[in-house]
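These notes are about the structure you will find just below.
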Amino acid sequence: MLEKGKISALQMGIMMYPTVIATALLLVPAITTHHAGRDMWISPLWASLVGFLTVYFAGQLNKLYPNDTIIQYSSRIVGVIPGKIIGLLLLFFYLHVNGVIIREYGEFVVGAFLTRTPLIAVAGIMTLACAMAVRGGVEVLGRLGQMSVPVILLLLLFILVLLLGDLEIKNMFPVMEKGWMPSFKGAVTPMGWFSEFVLMSFLLPYLKDRKKGLKWGMISVAAVMSTMLLSNLAVLFVLGEITGSLTYPVMSVVRYISIADFLEHLEALVMAIWVVGAFIKISVFYYILALGTAQWLNLSDYRPLVFPLGILLVLFAIWSAPNLPELAHFLGTSSAFYLMSVQTVLPLLLLIVASLRKGIRMDEKGPD
């Protein structure tokens with residue numbers, strides 16, 4: 001195996017939490033409100049169904065091919081040449097998606113804090129830091145998640161507690177005034193984020209307690225759903241329906257915090273959550289890309305690919321969109337279908353074909 005390290009199912013679940021939630025916290029509330037209005041808090045409940053299904057598909061495929069990632073078992077399911085084509089599609093997809101994630105990180109940091117710093121410098125420095133973590137292997141990423149996620153959760157809880165005095169519960173009423181469809185439309189974009197749980201298919205072969213992988217994957221989906229639900233409620237209670245007109249609603253909400261003229265201007269907390277979460281998210285996607293590329297090329301080690309792929313990631317970050325409005329438009333419209341088609345529909349098709357082939361082989365063997 002290219003990766004000799006091992007992580008626990010708990011570490012995998014913890015890793016997946018910031019990998020999905022990091023960028024969703026800042027961008028998704030505005031996109032969801034644009035479609036769902038005051039019912040935007042319901043949208044994560046709909047969206048999580050895609051997460052649960054994606055985890056289930058990844059778990060079932062891992063049961064059939066326990067020592068392989070999706071890059072490897074694609075060839076075993078559909079044949080060598082079609083499998084290689086699917087693998088190449090996945091690799092290009094993750095190269096592009098991780099470039100978009102780096103661009104999201106860079107746009108936020110430059111736009112909100114380092115206004116005079118070139119975007120390419122911010123993107124390049126983050127990519128270099130992530131490259132160091134990726135070269136450390138899956139165990140380093142697992143421990144990094146285990147150390148960082150509790151800090152992220154504590155900061156989020158601290159922000160929610162400080163916002164209690166500014167919450168206006170009346171902003172959520174009437175619930176489902178126009179039926180369930182607006183909340184479902186608002187769920188389409190976060191569905192794309194939940195489909196990212198397919199990354200588990202790259203991590204499941206390296207679990208020490210593989211039987212618990214599906215369980216902790218489901219728990220991670222539930223944790224992401226709960227965090228989205230609470231953050232959407234907090235934003236809705238403070239800002240109301242103007243949330244849809246803001247780029248980073250959570251940042252705007254934090255600016256409302258003012259306690260005894262002492263606790264104010266806590267944007268640095270959002271910055272800390274964003275940087276730590278984005279670092280883990282980019283690192284996990286980066287690791288998947290490097291590992292998958294080495295498997296696709298049948299190499300004995302993925303580490304020599306890390307820095308060359310990093311250069312490509314920075315280039316894709318710059319090329320992914322001309323500006324922030326164009327990037328936000330992509331994320332709020334076609335990105336959900338783009339993400340789900342590769343990360344949910346493709347594993348489903350592979351699972352169907354693999355199950356059919358297994359059934360055919362069982363029929364050919366006949367009863368003992």
Side-chain angles (χ1 to χ4, degrees), residues 7-29 31-32 36 40-63 69-70 94 97 101 141-142 145-146 148-150 152-153 156-157 183-184 186-207 209-233 273 277-278 280-281 283-285 288 335-348 350-351:
I7 58 173
S8 67
L10 170 62
Q11 286 177 315
M12 182 198 69
I14 290 174
M15 282 170 61
M16 290 307 304
Y17 175 81
T19 299
V20 176
I21 200 67
T23 49
L25 268 181
L26 290 184
L27 295 167
V28 170
I31 298 170
T32 303
M40 48 90 85
W41 64 275
I42 304 173
S43 297
L45 301 176
W46 293 113
S48 64
L49 297 176
V50 171
F52 288 119
L53 286 173
T54 303
V55 169
Y56 176 77
F57 298 153
Q60 292 305 306
L61 284 165
N62 181 253
K63 284 183 180 179
T69 69
I70 192 170
Y94 283 119
V97 169
I101 295 166
L141 295 177
Q146 214 169 1
S148 304
V149 169
I152 293 173
L153 292 174
L156 286 173
L157 182 62
S183 63
F184 185 79
V188 172
T189 295
M191 281 178 183
W193 263 268
F194 275 101
S195 70
E196 292 175 352
F197 274 96
V198 79
L199 294 175
M200 282 176 49
S201 62
F202 288 90
L203 302 174
L204 287 170
Y206 305 110
L207 297 187
D209 45 354
R210 201 172 299 170
K211 292 181 180 179
K212 297 180 180 178
L214 186 63
K215 168 190 161 185
W216 280 104
M218 295 293 185
I219 291 173
S220 189
V221 174
V224 170
M225 178 197 69
S226 301
T227 305
M228 281 190 178
L229 179 64
L230 288 173
S231 64
N232 281 9
L233 281 172
I273 294 170
I280 297 172
K281 179 162 190 164
S283 296
V284 172
F285 272 84
I288 295 312
S335 71
F337 303 99
Y338 174 56
L339 294 169
M340 283 191 289
S341 62
V342 177
Q343 298 185 124
T344 301
V345 177
L346 179 59
L348 172 60
L350 288 173
L351 179 59

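In this chain, numbering begins with 1 at the start of the sequence shown.
Under the 3.5 Å distance criterion, the side-chain polar atoms of T69 are left unmatched by any main-chain donor or acceptor of F202.
Dense packing is recorded around OH of Y338, with more than 12 heavy atoms of other residues, nucleotides or ligands lying under 6.0 Å away.
Residues satisfying the ring-ring contact (aromatic ring centres under 6.0 Å, His included) test with Y56, not counting sequence neighbours, are none. Residues satisfying the ring-ring contact (aromatic ring centres under 6.0 Å, His included) criterion with F197, sequence neighbours excluded, are absent altogether.
Scanning all heavy atoms of the two residues, the minimum distance from G186 to P190 falls at O-CD, 3.2 Å. Contact detail for F285 and E196: the closest heavy-atom pair is CZ-CD, 3.8 Å. Between P44 and L229 the shortest heavy-atom distance is CG-N, 4.0 Å. Residue A47 comes nearest to A187 through the heavy atom pair CB-O, 3.7 Å, listed as atom of the first residue, atom of the second, then distance. The two residues G142 and I7 come nearest to each other via the heavy atoms CA-CG2, 4.3 Å. Summarising the geometry of S183 relative to S43, their closest heavy-atom pair is O-OG, 2.8 Å, with the distance given to 0.1 Å.
Contact of the M16 side chain with the W216 side chain is not registered, since no non-hydrogen atoms from C-beta on lie closer than 4.5 Å. Contact of the M228 side chain with the M225 side chain is not registered, since no non-hydrogen atoms from C-beta on lie closer than 4.5 Å. The closest side-chain heavy-atom distance from L25 to L156 is below 4.5 Å. Within the 4.5 Å cutoff, side-chain heavy atoms of L199 are placed close to those of Y94. Looking at V224 and S48, their side chains never come closer than 4.5 Å, going by heavy atoms from C-beta outward. Between N62 and P205, some side-chain heavy-atom pair lies under the 4.5 Å cut-off. L61 places none of its side-chain heavy atoms less than 4.5 Å from the side chain of S201. The closest side-chain heavy-atom distance from M12 to L204 is below 4.5 Å.
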Inset, instruction - With side-chain contact (heavy atoms from CB on, under 4.5 Å) as the test, would you mind laying out the steps for V55 and F52 before giving the verdict? - result: CA-CA 5 Å; V55 169; F52 288 119; 5.9 Å; no
Inset, instruction - Decide yes or no on side-chain contact (heavy atoms from CB on, under 4.5 Å) for V198 and F57, but give the supporting numbers first. - result: CA-CA 8 Å; V198 79; F57 298 153; over 6 Å; no
Inset, instruction - Please report the C-alpha distance between M191 and F184 in whole Å, then the side-chain angles of each, then the deciding distance to 0.1 Å, and finally whether the side-chain contact (heavy atoms from CB on, under 4.5 Å) criterion is met. - result: CA-CA 10 Å; M191 281 178 183; F184 185 79; 3.7 Å; yes
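Atom OG1 of T19 sits about 11.5 Å away from atom CE of M200, to the nearest 0.5 Å. Between the CG atom in D209 and the NZ atom in K215 there is a gap of 9.0 Å [rounded to 0.5 Å]. Within the model, atoms CG of L339 and OG1 of T189 stand 9.5 Å from one another, a figure rounded to the nearest 0.5 Å. Here the OG1 atom belonging to T344 is positioned 11.5 Å from the CG atom belonging to L49, to the nearest 0.5 angstrom. Separation of atoms CG (L207) and NZ (K212) is listed at 11.0 Å; rounding is to 0.5 Å. Here OG of S148 is found 10.5 Å from CG of L141. Values are rounded to the nearest 0.5 Å.
If you check the side chains of S195 and T54, you find no donor sitting under 3.5 Å from an acceptor.
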